[in-house]
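Data block below; observations after.
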Number of protein chains: 2
Amino acid sequence: MELSPLTEAFVMHFGEMGSRWGINRTVGQIYALLYISGRPLPADEIAQSLNFSRSNVSMGLKELQSWQLVRLQHLPGNRREHFTTPDDVWQIVRTLAEQRRAREVDPTLSVLRDLLVAQPRSEEDRQAQEKLREMHDLIELLVGWADDVSKLETKELVQLLKLGSKVVGLLELKSRLPLLGRGTRGAAPVEDHEQD
Amino acid sequence: MELSPLTEAFVMHFGEMGSRWGINRTVGQIYALLYISGRPLPADEIAQSLNFSRSNVSMGLKELQSWQLVRLQHLPGNRREHFTTPDDVWQIVRTLAEQRRAREVDPTLSVLRDLLVAQPRSEEDRQAQEKLREMHDLIELLVGWADDVSKLETKELVQLLKLGSKVVGLLELKSRLPLLGRGTRGAAPVEDHEQD
DNA sequence: ATGTCCTTTCAGAATTTTCTGAAAGAACAA
DNA sequence: TTGTTCTTTCAGAAAATTCTGAAAGGACAT
């Protein structure tokens, strides 16, 4: 139940970071411990390792399960419930993105849309709506990108990330090779369509 | 000093969201108000509009300035200090990314690196280091991508985001046109270099 | 049924964070 | 200098969150 200094250092740092991202410290630590352990752990062991009460661990695990970041596992011949993180880091990133999207981004887009269709009651409101429109469009663009690249296989996604800004160069090339087709996601063509 | 219902709805939602991202609710509201107002506001007016104590506003603005999200402005012929957000939404995204990077991502990478060079004291530690390595490499890849695309002009960045996963198709094309050159960022070639 | 071993729930304690009012500081005018 | 108008700081009040122990719930064996 004693953590090695290595594990402890990681767990502590992760807890600290978690608390800066709206995740409570102990939940972050539980997650970090599960991640670094790389094997299913029973709640009791987590409680002992981290010096939390059993009930706190139970709450933390419930929270993590609701985020789909941890899943329950029954080991054969063992009555105790064990918990694990998916072992692929990329899966973790995907889940995190999905969940944040569903919990925070989508509701925000929804609020923004509601406010954008409301009748402005003053010149002030009209200007405010312009700002909201900008924010709405930006978020929608980011979300669209995320949606689109999340469909890629991890290997392709890695390639895309490694390519980085080089894409822009390729884009120019593309415009000279019409055979590739022009259509892109939804109604938004890739080619410039705004004044320069 | 009365907020229009439109502004109020936005400010309240933004405050709520802020608190889920590790930003305190009132700081989020102050920021939202400055953003949607689109003009420099004095601290007093913020305090009155949001019903916060003057000192709370002072603290909030200090925090926002430390994040570089808000700047102080002196209006000519007015002794009172006024505050504004940059008016370009993309600038906001860039600043947010930079700051999160400096405050959370870089320190995390540093911890991970320290733990990775430490001598493992057990088989358990060795396996833990493998997990840390995966996480380290993933973060470094994401950070590298962000670094790279942040150099783009906003217009180009928008193009790149609209393109989304289409990039992968272009990539294949690229591999058939060697004249474009092969080098990419740093020592990491884009082409596959792992077994399939 | 009862006992064992595990689980979650939840009221309230403990802790942390946030917010305020009072005081002090700064800049300027007269 | 003093007065005015603005500012920030900070100790402690207020509020929110987190954590715990006790109790209750559930699954299974005997």
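Per chain, numbering begins at 1; letters A, B, ... match sequence-line order.
The cationic group of A/Arg100 does not satisfy the cation-pi geometry with A/Trp67, failing either the under 6.0 Å distance to the six-membered ring centre or the 45° limit from the ring axis.
In this structure, B/Leu50 atom CG and C/dT18 atom C1' are separated by 15 Å, rounded to whole Å. Rounded to whole Å, the distance from CD1 on B/Ile46 to P on C/dC19 is 15 Å. Atom-to-atom, CD of A/Glu63 to C1' of C/dT8 comes out at 15 Å; the value is rounded to the nearest Å. What separates CG of A/Leu61 from P of C/dT8 is a distance of 8 Å, to the nearest Å. Between the P atom of C/dT18 and the CD atom of B/Glu16 lies a distance of 14 Å, rounded to the nearest Å. A straight line from CG of A/Leu72 to P of C/dC6 spans 15 Å, rounded to a whole angstrom. Rounded to an integer number of Å, the gap from CG of A/Asn56 to P of C/dT15 is 14 Å.
Between A/Ile46 and A/Leu34, some side-chain heavy-atom pair lies under the 4.5 Å cut-off. Side-chain contact between B/Pro120 and A/Leu6 is absent, with no heavy atoms from C-beta onward closer than 4.5 Å. Annotation: side chain of B/Val158 is in contact with side chain of B/Trp90 (closest heavy-atom distance under 4.5 Å). Looking at heavy atoms from C-beta onward, A/His136 lies in side-chain contact with A/Arg133 at the 4.5 angstrom threshold.
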Restricting both atoms to N or O, compile the protein contacts to nucleotides 27-29 of chain C shorter than 3.5 Å, with distance only.
unit_1	atom_1	unit_2	atom_2	d
C/dA27	N3	B/Arg79	NH2	3.0

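Between B/Asp44 and A/Asn51, the one whose closest nucleotide on DNA chain D sits nearer the 5' end is B/Asp44. Residue A/Gln65 is the one, among A/Gln65 and A/Arg25, whose nearest nucleotide of DNA chain C lies closer to the 5' end (criterion: closest heavy atom). In terms of position on DNA chain C, the residue among A/Ala43 and B/Thr26 whose nearest nucleotide sits closer to the 5' end is A/Ala43.
The side chain to side chain donor-acceptor pair (under 3.5 Å) analysis of residues 31-42 of chain A, with sequence neighbours excluded, yields the pairs A/Arg39-A/Glu45.
Using a 4.0 Å cut-off between a side-chain N of Lys or Arg and a carboxylate O of Asp or Glu, A/Arg101 and A/Asp147 qualify as a salt bridge. Classification of A/Glu140 and A/Arg113 as a salt-bridged pair holds, one side-chain N sitting under 4.0 Å from a carboxylate O.
Contacts between chain A and DNA chain D, taken as any atom within less than 4.0 angstrom of a protein heavy atom, begin and end at D/dT18 to D/dA27.
Of the inter-residue distances, the one linking B/Thr84 atom OG1 with B/Leu72 atom CG reads 8.5 Å to the nearest 0.5 angstrom.
Backbone-only engagement by B/Asn24 is indicated by non-hydrogen atom pairs under 4.0 Å involving sugar-phosphate atoms exclusively.
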